[in-house]
Amino acid sequence: MTPLQRYIAEEIATDHVEGLLSRREALRRLGLLGMGAPAAVALLASCAESAQQSPTTSVSTTAGSAASPLSPPPGTANAVAATSITFPGPEGRTLQAAWAEAAQPRGGVLVIHENRGLTDHIRSVTGRFAGAGYSALAVDLLSEEGGTATFTDQAAATAALSKIPQDRFVADLRAGLTELGRRAPEKRLGATGFCFGGGLTWLLLTSGTPELAAATPFYGPFPDGGQVTGSKAAVLAVYGALDARVDASRPAAEAALDQAGLPHESYVADNADHAFFNDTGPRYQPTAAAEAWRRVIDWYGRYLG
């Protein structure tokens, strides 16, 4: 397994342990990833054992913006409707994407989706950035497979993503940055990814992307042994205090950013788990989401314009 494949498999197992997936569904999804039954059963058992040994903890942070489950998701009040586009990708391929243009762009943001593909939620986030003044582009990383919309089974879309080489992800995202720069000329560019997309944001940074002026990965795993010496981005890394699995990679990320001498901060949201920003998911935490959004927009204000 590649590190991203392992991440996806562990996420499925964690969802089962936390009661979000039945054992049968978790085994089905792991099977779609190519895991045999013995390995899948062993992974579920291992994650269950780790959960029992890891007490629930929380990390104190600056008090966040007041919000309630009935409050509109952060950034939606002024959101711009995202439109579907295509543009030239690497090796003559055509890439699909969601595009939202700010009325008076202050910069551009590449939005990197979760392991479910380019969903309506990610389209919404793209429009929220445009509403905040940052023209935004979200590349569908399943474009070569026909696009996320061609998958009627969400688990099948996740499995398809798990089989894509990491080099293709990097190439497609770099093509997205090129297209974003063309659509937002002479503007500084940032990248924001969520979960799997947060890991891809780190992968972009460790692959060397000098065109990025800033990045805000949300609860994404930092690559094993990764270095960001080829990047010039100012990084705001967002984590959930209850997300022990991804939080374990935070010291390595911070050490790499220190070594590279890049401006960086980590925001660890109190009482928030993995995927707390996704208002369509079961772990949505509105107070943490509102505070994370405020910090991201402030960060881009400082480093993009």
Side-chain angles (χ1 to χ4, degrees), residues 1-51 89 93 95-98 111-123 138-173 193-203 218-221 223-224 243-246 248-249 273-278 280-284:
M1 279 189 168
T2 68
L4 285 176
Q5 287 173 331
R6 184 175 69 247
Y7 168 81
I8 290 174
E10 290 175 348
E11 187 168 76
I12 292 171
T14 300
D15 285 351
H16 164 64
V17 170
E18 295 183 0
L20 301 180
L21 292 176
S22 68
R23 179 180 177 84
R24 181 175 182 177
E25 178 60 16
L27 291 173
R28 183 183 78 87
R29 296 189 181 198
L30 291 172
L32 289 173
L33 298 184
M35 291 189 70
V41 170
L43 178 61
L44 295 185
S46 175
C47 284
E49 182 178 355
S50 296
R93 295 185 289 110
L95 296 179
Q96 302 175 32
V111 181
I112 310 176
H113 60 66
E114 301 164 323
N115 67 20
R116 295 166 179 82
L118 182 53
T119 61
D120 287 343
H121 169 66
I122 294 299
R123 292 178 184 276
V139 179
D140 189 339
L141 295 172
L142 287 168
S143 294
E144 183 71 5
E145 288 68 32
T148 299
T150 64
F151 290 85
T152 56
D153 180 0
Q154 187 180 84
T158 299
L161 281 167
S162 76
K163 295 175 172 63
I164 296 172
Q166 293 187 13
D167 288 349
R168 196 184 103 184
F169 287 138
V170 172
D172 287 359
L173 291 172
F194 300 90
C195 304
F196 170 80
L200 290 179
T201 305
W202 286 120
L203 190 61
F218 275 67
Y219 28 74
D224 294 340
D243 186 11
R245 182 170 63 99
V246 172
S249 69
D273 208 333
H274 189 68
F276 71 79
F277 189 81
N278 189 337
T280 68
R283 296 191 181 100
Y284 177 53

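Only a predicted model underlies this, so the values are computations on that prediction, with no experimental measurement involved.
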Rounded distance [0.5 Å steps], [atom1] in [X] versus [atom2] in [Y]:
{"X": "Thr201", "Y": "Ile112", "atom1": "OG1", "atom2": "CD1", "value": "3.5 Å"}
{"X": "Leu203", "Y": "Gln166", "atom1": "CG", "atom2": "CD", "value": "5.5 Å"}
{"X": "Glu18", "Y": "Arg283", "atom1": "CD", "atom2": "CZ", "value": "4.5 Å"}
{"X": "Leu4", "Y": "Leu200", "atom1": "CG", "atom2": "CG", "value": "5.5 Å"}
{"X": "Glu145", "Y": "Ile164", "atom1": "CD", "atom2": "CD1", "value": "4.0 Å"}
{"X": "Leu118", "Y": "Leu142", "atom1": "CG", "atom2": "CG", "value": "9.0 Å"}

Taking every non-hydrogen atom, the tightest pair across [X] and [Y]:
{"X": "Ser249", "Y": "Pro221", "answer": "OG-CA, 3.7 Å"}
{"X": "Glu11", "Y": "Cys195", "answer": "OE2-CB, 4.3 Å"}
{"X": "Pro223", "Y": "Trp202", "answer": "CD-CB, 3.7 Å"}
{"X": "Tyr284", "Y": "Phe276", "answer": "CD1-O, 3.2 Å"}

Kindly write out the residues that satisfy side-chain hydrogen bond (donor to acceptor under 3.5 Å, both in side chains) with [X], not counting sequence neighbours, or none if the list is empty.
{"X": "Asp224", "result": "Arg6"}
{"X": "Ser46", "result": "none"}
{"X": "Arg245", "result": "none"}
{"X": "Asp273", "result": "none"}

*Backbone N/O of Ala138 and side chain of His113: donor-acceptor pair under 3.5 Å*: no

*Spell out, as yes or no, whether a donor-acceptor pair under 3.5 Å connects the side chain of Asp140 to the backbone of Thr148.*
yes

*Enumerate the residue pairs fulfilling side-chain hydrogen bond (donor to acceptor under 3.5 Å, both in side chains) with a member in residues 26-38, sequence neighbours excluded, ordered by first and then second residue.*
Glu25-Arg28, Glu25-Arg29, Arg28-Asp153

*side-chain hydrogen bond (donor to acceptor under 3.5 Å, both in side chains): pairs with one or both residues in residues 156-165, sequence neighbours excluded*: none

Pairs under 3.5 angstrom only: tabulate donor-acceptor contacts from the side chains of residues 30-45 to other protein residues two or more places apart or in another chain.
none

_According to ring pair (Phe, Tyr, Trp, His ring centres under 6.0 Å), who are the partners of His274, at least two apart in sequence or on a separate chain?_
Tyr219

*Please name all residues satisfying salt bridge (charged side-chain N to carboxylate O under 4.0 Å, His left out) with Asp172, sequence neighbours left out, ordered by chain then number.*
Arg93, Arg168

_Quick one, Asp120 and Arg123 - any side-chain contact, counting heavy atoms below 4.5 Å?_
yes

_Inter- and intrachain pairs under ring-ring contact (aromatic ring centres under 6.0 Å, His included), touching residues 147-173, at least two apart_ = Phe169-Phe196

*Sequence neighbours left out, what passes side chain to side chain contact (heavy atoms under 4.5 Å, CB included) with Thr152? Give chain and number order.*
none

*Qualifying salt bridge (Lys or Arg N to Asp or Glu O under 4.0 Å) pairs, either residue in residues 33-48, two or more places apart*: none

